Amino acid sequence: MRLAKLTISNYRSIKDLPAIRIEALQAFVGGNDTGKSNVLGAIDAFLGASSAGVDNADFHDSSKPILIEAEFTGLSESERKRLRSYLIGDRLILQKSFTIAEDAKSHKLKVSTEYHGYKAEPKDWWLSTSKIAEQLGARPNWGDVAKEHGLTEWVQGEGGKVTKGSYEAGLERYLLEADVEYDEPELGTTQALGIQPNLLSALPDFYLLPAITDYSDEIDSRSTTTVFRRLMSDLSDRFISKDPQYVEVESALKRVRDLFNVQATGDNTRRLPSLSGIETKILDNIRKLMPSVLSVHLGVEVEEPRNLFSKGVNIKINDGVLTDVLDKGNGMQRCLVFSLLQLLIASAKEKKEDRPIILGIEEPELYIHPHSQRLIFKVLKDFAGIQADNDLATGMDQVIYSTHSPAFIDVARYEQIACVRKDGNAGTKVKQCELGVLGDPEERKGFKLLTSFGLKHNEVFFARHAVLVEGVEDEIAVIAAGRMLQRFTDLPDEIGVSIVVTGNKEQIPKFQKVLNAFGLSYSVLLELDGEPEDAGVNHSILELAGANYVGKIPETLEKTVNLAKDHFKDIFEAKQFFSDPAHVSTDLEMIVTALFPHEGQPAAEAGGEAARVLAAAAQ
């Protein structure tokens, strides 16, 4: 199964967040403190045991419950059979609620949780203990019901006796194997929908790698809940426990337990005699003070093999010097965790295990050299089963992450991107768009080809504002004018603006469609090439722009800056020309002024003012 939708309310900065679509590879982008990490935290809270670390401070409003609803799709045949009674069609929808309540004993406030969802009952009354009670009363003869409907071999307990407990246990096995018809599912109101272990153990396993700055906390041997320690434990189960010599480990640990501890069987022949002597001396001393004491037993706790490997392992890496991983840099430490995750997921795929894995990562670019970031991004796509030659995911594992790096998104795969903003009192909001924004397959194919040769296009998702231009010469002109106007010192990045070179005029509408779908701010530098505004591509660009400013150049850039030729010979010539501020014409200056909205000023307002000035100058 795969997590397909997520709805969150009252969690941290999230007041009310309608259903978010979750892809196999899902990126959340946005500024600092907008709530990206809170979306990942909500998934962790939903899939985690009990309250999953949620405390009073995580409630946006402590007087209301936190509600997290998840929808899972793409269930395997075995999952559909196992969870048949919880499904609406092929979808599993569950809601987990968190409430703050006063503990009856300690009178302290604590967080309690409940799962709710849809539950269908088998149509035949004898296949549901609740329907049996409705049909025959609160105390039916369970043996007679089983015998009448041929269920005795399934539901009888020890000694052949049939009780309510054995009937329920047998039904659970029977319903997994038999082809049974169900009623329409109804929203359940009881905690965990009746069969909590069966349901919750089928949900994906979630590993959250936080944006931490000190990996000594992550790898601390005293912690059993960090990603590193959970990985060590899981890898122990998947690999070490399957080793033929593993039985020797179990035997050795049992021998250690016998040497140190008193056995419940009373057979202490293997125990160290010196321990009995110490116990006798302690007892003699205690009885002088408290005669009622009858005996003293010393015990030594010996870990199970799984926990021993999880807590006790340390890793040394030789990168020229063999030292503990904690003595290495944070980048090396994070790469180690990525490597362990790869090993874990590869193991799960080899064994074709049903339970899928969701990998959550805060800022995967953290501590990673820029040249290695695309390699890590490829690793994440491999986790999610994304093939290089298409957009389809081949497995059920998922990667959900937040990022500030253009290297970890692909504008051509815009459906995998979610823009996160914080909207004043409304809290965290998420904006996504569907695959159909570029509905024409050829249009989508061309857009993917255009954006596949660099990362610059991806910056539109991280910028405060984007400026769309046709070619590199236009970019050079805009930067030169911006410097002259003192909007920035060197590059527009300083004011949160990205200039996007689309390649040619025909490509501009594709970028506009994507930017419009996400509600991102942009402006366009449009060379009309002497053509009418209401014809061809010019018309499409102006129509798509809406309230976004379009700086219209009547002919070409070269004519606007009074160049005595139709086109620049090459990019170097354009750089040479615009290195002289005097070459920035008044018309170009006016247009560029509007391309870069001032702080707090929408681009449309700046563009409107520039248009009025240019019109006046033309008269």
Side-chain angles (χ1 to χ4, degrees), residues 23-31 36-37 40 207-212 215 227 317 319 328-346 357-395 397-420 444-463 466 472 475 491 493 498-503 507 510-511 514 518:
E23 300 288 341
L25 182 74
Q26 182 64 63
F28 289 92
V29 303
K36 302 185 300 297
S37 295
L40 292 173
Y207 290 86
L208 177 60
L209 186 60
I212 57 178
Y215 265 76
V227 170
I317 293 178
D319 56 353
K328 304 296 184 183
N330 283 319
M332 175 69 78
Q333 294 168 358
R334 198 160 232 232
C335 283
L336 169 65
V337 176
F338 276 129
S339 299
L340 292 173
L341 286 164
Q342 282 182 280
L343 183 60
L344 176 69
I345 292 178
I357 294 172
I358 299 178
L359 172 58
I361 311 177
E362 294 179 10
E363 302 175 34
E365 68 272 16
L366 199 62
Y367 309 122
I368 302 300
H369 189 279
H371 288 169
S372 299
Q373 289 185 8
R374 293 302 281 183
L375 297 177
I376 296 294
F377 186 43
K378 183 181 183 303
V379 168
L380 300 188
K381 288 191 284 188
D382 289 344
F383 282 166
I386 302 292
Q387 296 181 341
D389 57 345
N390 59 49
D391 300 323
L392 299 177
T394 57
D397 298 315
Q398 293 175 269
V399 180
I400 305 172
Y401 62 101
S402 62
T403 182
H404 293 284
S405 172
F408 282 89
I409 63 168
D410 185 346
V411 66
R413 291 182 170 89
Y414 48 81
E415 73 283 357
Q416 299 171 354
I417 302 169
C419 293
V420 185
R444 181 170 169 81
K445 183 178 179 181
F447 187 66
K448 187 185 297 184
L449 176 67
L450 170 68
T451 58
S452 65
F453 288 90
L455 303 178
K456 188 69 177 177
H457 299 110
N458 297 339
E459 289 185 7
V460 296
F461 287 99
F462 303 93
V472 178
E475 179 184 27
L491 295 170
D493 308 54
S498 287
I499 300 177
V500 179
V501 177
T502 63
Q507 304 302 324
K510 297 175 185 178
F511 283 92
V514 174
F518 282 97

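All values below were derived from every heavy atom in this structure, side-chain atoms included, with hydrogens, water molecules and symmetry-related copies excluded. Because the structure is predicted, anything quoted here is derived from the model rather than measured.
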* For Val501 and His457, work out which heavy atoms get closest and say how close. => O-NE2, 2.9 Å
* Asked: How many angstroms lie between atom CD1 of Ile317 and atom NZ of Lys328, to the nearest 0.5 angstrom?
  -> 7.0 Å
* Structure fact -> Separation between CG (Leu40) and CG (Leu359), nearest 0.5 Å, reads 10.0 Å
* Can you find a heavy atom in the side chain of Ile368 that is under 4.5 Å from one in the side chain of Cys335? -> yes
* May I ask you to check whether Phe461 and Tyr414 place their ring centers less than 6.0 Å from one another? => no
* Looking at side-chain heavy atoms only, is the closest gap between Val411 and Phe447 below 4.5 Å? -> yes
* To do: Taking the side chain as every heavy atom from C-beta outward, state whether Asp493 and Glu459 have any atom pair closer than 4.5 Å.
  => yes
* Atom pair CG (Leu375) and NE2 (His369), whose distance is rounded to the nearest 0.5 Å -> 11.5 Å
* To do: Return the set of residues passing side-chain contact (heavy atoms from CB on, under 4.5 Å) with Ser405 (not counting sequence neighbours), or none when no residue passes.
  => Glu365, Gln373, Thr403, Ala407, Phe408
* Asked: Has the side chain of Glu362 got a donor or acceptor atom that lies under 3.5 Å from a matching backbone atom of Ser402?
  -> no
* Structure fact -> The side chain to side chain contact (heavy atoms under 4.5 Å, CB included) partner of Gln416 among Asp410, Leu25, Ile409, Val399 is Leu25
* Contact check, side chains of Phe518 and Val29, non-hydrogen atoms, under 4.5 Å -> no
* Under 3.5 Å, is there a donor-acceptor pair between the side chain of Lys36 and the main chain of Gly31? -> yes
* Asked: Just how far is it from atom CZ of Phe462 to atom SG of Cys419, taken to the nearest 0.5 Å?
  -> 8.5 Å
* If you look at every heavy atom in Asn458 and Arg374, which pair is closest and at what distance? -> ND2-NH1, 4.4 Å
* **Interatomic distance, Lys378 atom NZ to Ile386 atom CD1 [nearest 0.5 angstrom]** => 12.0 Å
* To do: Kindly indicate whether the side chain of Arg413, heavy atoms from C-beta on, has any atom under 4.5 Å from the side chain of Lys448.
  => yes
* **Atom pair CD (Gln398) and CD (Gln26), whose distance is rounded to the nearest 0.5 Å** => 9.0 Å
* Side chains of Val460 and Val514: closer than 4.5 Å at any heavy-atom pair? -> no
* Asked: Looking only at heavy atoms, what is the nearest atom pair of Met332 and Asp319, with distance?
  -> CE-OD2, 3.9 Å
